[in-house]
Each structure stands twice: as C-alpha cells, then as structure tokens.
Amino acid sequence: MQVIRTVAELRRWSRAAKQAGKIVGLVPTMGALHEGHISLMRAAKAQCGAVIASIFVNPTQFGPNEDFSKYPRTWDADSALLEAEGVDVIFAPTPEEMYPAGAVTFVEVAGLSERLDGASRPGHFRGVATVVAKLFAAADPDRAYFGQKDAAQVAVLRRMVADLYLPVELVVCPIVREPDGLAMSSRNRYLSPEERRQALVLSRALDAVRLAVSGGESSAVALIAIAHAAFASEPAVRVDYVVAVDWGTLLPVEQVAEGALFAVAAYVGTTRLIDNWIIG
Ligand code: AMP
C-alpha cells in the first residue's frame with residue numbers, strides 16, 4: 001500500500017492504473033475508520049482493480065463552532081485497517097494541498113445544499129461538494145463509494161455529478177450498524193456511556209416508523225409524529241430534524257412511497273448524530 005500526499009502524484013498513479021486496464025475506485029473518508037468505512041472499501045475492492053481511500057478532515061465542511069479541531073485523527077489504526085483490506089493507495093493530502101493559497105472556487109449545489117443537514121450546518125454541503133469535486137479531479141475515479149448513512153450528502157453529490165457531467169459512477173452502500181442498532185459513526189466515540197445508551201433513540205425512532213409503514217401508514221405527518229413520540233422517550237436528546245423527503249430533491253413529501261428518504265438528526269449531549277431509512 002502506498003501513501004500519496006500530492007494531487008500530482010495521485011493523478012500519475014490513477015492514470016497508470018487505467019493504462020494497465022484497471023477500474024479505479026475511490027472511497028473518500030475523514031479517517032477515524034470503523035466498519036461502515038470498511039464496508040465501502042470492500043465494495044470498492046470487489047468492483048475495482050485499483051482502490052484509493054482518501055483520508056482528509058476537510059476544513060471547509062465544518063462550521064466555525066463545530067468539531068474540526070477535535071475531530072478524531074487516528075492515522076496509525078486507519079492505515080493498518082486499510083492495509084489489511086488490500087487498499088492500494090491512501091491519499092492523505094494536507095489542507096494546503098487541497099486548498100492552495102489563493103483558491104477561491106467552490107461548488108454550490110443550490111437548493112439541495114440548504115436542506116436537511118445543510119439547514120442546520122450552513123456551508124456544510126458547499127464544503128462537501130467542493131472537496132469531493134477536487135478529489136474526483138485528483139483521483140479521476142471510474143467509481144466512487146459513499147454510505148447511505150449520509151443520505152443527504154449522497155443527494156447533493158448525485159446532483160453535482162449530473163450537473164457537471166462528471167465521468168464517475170456513484171455507488172451507495174448500506175448503513176452499517178452496531179449490534180444494538182446504532183449507526184456507526186466516527187463521532188460515536190465522543191459519547192459517554194450514558195449518551196451512548198441515549199443515542200439508541202435514533203434507530204428506535206426509525207424502527208417505529210418502519211413498523212408503521214409496514215402496517216400501512218404512509219402519511220408523512222403521521223410518521224413524523226411517530227418518530228417524535230419515540231424521541232420523547234429520551235428527553236435529554238435534542239431533535240434537530242425529523243423529515244420525510246424525496247431522496248433526489250430533499251424536498252418534503254406528503255405521502256411516503258418506495259425510495260423516499262425518512263431521515264433524523266439529533267444532538268446527544270453536544271454530539272450531533274444522524275440516521276435514516278430509505279422506504280422499501
Ligand atoms: P466520513 O469519514 O464520516 O466522512 O465518512 C466517509 C464515508 O463513509 C461516507 O460516504 C459515509 O457515508 C460513509 N459511512 C459513514 N458511516 C457509515 C456507516 N455506518 N455505514 C455505511 N457507510 C458509512
């Protein structure tokens with residue numbers, strides 16, 4: 001496994017892999033890797049002859065009062081995991097490499113970027129779209145792998161790829177959960193034991209919604225009320241949003257149907273967690 005730190009070298013590596021007839025897969029991450037990330041690496045390994053994992057804690061997707069500086073950085077464990085998974089390259093640029101002095105170009109996916117997490121985290125999706133566009137330009141992947149865990153991010157990136165005719169196929173992988181249902185997240189390590197218990201209310205709320213849908217309920221208002229009722233069982237958890245939206249536009253739906261996105265976000269202590277269910 002090679003560690004590459006510059007865009008120029010990554011470009012050379014990707015071009016050589018393609019010239020050797022390989023399909024290039026890219027898995028963008030911010031490190032602090034867990035089984036959710038690993039599932040993306042495995043999907044990429046299964047479908048691509050050359051796999052690049054990027055590890056970059058992207059400053060532009062964090063708000064001024066968010067956890068950029070304390071975001072977990074676990075290089076030794078991450079690189080050992082990626083080596084064990086047979087990843088070919090870790091792309092680990094510095095912030096200066098990704099945002100050289102004078103850089104002023106950003107990717108704005110208008111509308112979508114202001115919905116869901118974009119509403120509570122102004123500028124977040126602008127940072128995400130920009131860094132992913134840069135990673136695509138640097139790695140030139142045939143396929144790029146993302147988790148359904150960040151479903152709104154997937155919607156933003158799909159729109160960006162379509163709008164900019166980017167020659168990359170997005171592959172979306174299922175949410176990997178802890179045995180008790182909590183969606184895996186690098187931020188779970190911030191939780192105290194008591195908060196870790198409280199955090200289960202996110203997946204419990206989605207379970208209640210799933211149960212109601214399987215019982216024939218399709219009214220978004222009713223399903224959102226069911227989720228809020230579940231959240232009420234953990235008063236210490238502060239709900240950020242509970243929404244039923246079209247997964248393409250992230251606009252609210254009145255009736256949920258196959259393919260709609262039911263998503264929740266909540267603060268457990270100071271940690272913001274998200275989870276979702278794609279209906280059907
Ligand atoms: P992050 O390092 O948090 O930026 O995540 C990198 C990628 O891993 C994103 O595409 C996430 O959606 C994905 N991911 C994070 N957590 C999970 C999970 N529990 N299951 C599946 N994919 C995940």
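Being a predicted model, the structure only gives us computed values, none of them experimental. In each ligand, atom 1 is the first atom listed, and ligand 1 is the first ligand listed.
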Colleague: Which residue and atom name correspond to the protein heavy atom nearest atom 20 (N) of ligand 1, and how close is it?
Modeller: Val176 N, 2.8 Å
Colleague: Does a side chain donor of either Thr249 or Arg159 reach within less than 3.5 Å of an acceptor in the other side chain?
Modeller: no
Colleague: Pairing donors with acceptors under 3.5 angstrom, does anything connect the side chains of Asp140 and Ser14?
Modeller: no
Colleague: What protein heavy atom sits nearest atom 23 (C) of ligand 1, and how far away is it?
Modeller: Lys149 CB, 3.9 Å
Colleague: Can you say whether the rings of Phe106 and Tyr99 are parallel (under 30°), tilted (30 to 60°) or perpendicular (over 60°)?
Modeller: parallel
Colleague: If you count the non-hydrogen atoms of other residues, nucleotides and ligands that lie under 6.0 Å from NZ in Lys18, is the total more than 12?
Modeller: yes
Colleague: Within the 4.0 Å heavy-atom shell around Thr29, which atoms of ligand 1 are there?
Modeller: 2 (O), 6 (C)
Colleague: Ligand 1 versus Val27, non-hydrogen atoms closer than 4.0 Å: side chain, backbone, both, neither?
Modeller: neither
Colleague: Do me a favour and list the nearest non-hydrogen protein atom to atom 21 (C) of ligand 1 with residue, atom name and distance?
Modeller: Pro174 O, 3.3 Å
Colleague: In this structure, does ligand 1 have an atom that sits under 4.0 Å from one of the heavy atoms of Ala32?
Modeller: no
Colleague: Of Lys149, Arg204, Arg177, which is the lone residue that meets side-chain hydrogen bond (donor to acceptor under 3.5 Å, both in side chains) with Asp275?
Modeller: Arg177
Colleague: Any idea which atoms of ligand 1 are less than 4.0 Å away from a heavy-atom of Leu40?
Modeller: 7 (C), 8 (O), 10 (O), 13 (C)
Colleague: Heavy atom of Glu35 under 4.0 Å from ligand 1?
Modeller: no
Colleague: If we ignore hydrogens and angles and just use 3.5 Å, is the side chain of Thr130 paired with the main-chain N or O of Arg126 as donor and acceptor?
Modeller: yes
Colleague: Begin from the C-alpha positions of Phe56 and Phe91 and carry the test ring pair (Phe, Tyr, Trp, His ring centres under 6.0 Å) through to its verdict.
Modeller: CA-CA 8 Å; Phe56 180 61; Phe91 179 53; 8.1 Å; no
Colleague: Within ligand 1, which atoms have a heavy atom of Phe146 less than 4.0 Å away?
Modeller: 10 (O)
Colleague: Mark up the atoms of ligand 1 that fall under 4.0 Å of a heavy atom belonging to Pro28, in ascending order.
Modeller: 6 (C), 7 (C)
Colleague: What about Met184: any of its N or O atoms under 3.5 Å from an N or O on ligand 1?
Modeller: yes
Colleague: Below the 3.5 angstrom mark, is there an N/O of Met30, backbone or side chain, next to an N/O of ligand 1?
Modeller: yes
Colleague: Using a strict 4.0 Å threshold on nitrogen-to-oxygen distance, state whether Arg272 and Glu66 make a salt bridge.
Modeller: no
Colleague: Got the closest protein heavy atom to atom 10 (O) of ligand 1, with its distance?
Modeller: Gly147 N, 2.9 Å
Colleague: Give the single entry among Arg177, Gln153, His37 that approaches atom 2 (O) of ligand 1 most closely by any heavy atom.
Modeller: His37
Colleague: Specify the protein heavy atom at minimum distance from atom 11 (C) of ligand 1: its residue, its atom name, and the distance to 0.1 Å.
Modeller: Asp150 OD2, 3.1 Å
Colleague: For atom 15 (C) of ligand 1, which protein heavy atom lies nearest, and how many Å away is it?
Modeller: His34 CE1, 3.9 Å
Colleague: Testing the 3.5 Å rule here: is there a donor-acceptor pair between the side chains of Gln2 and Asp88?
Modeller: no
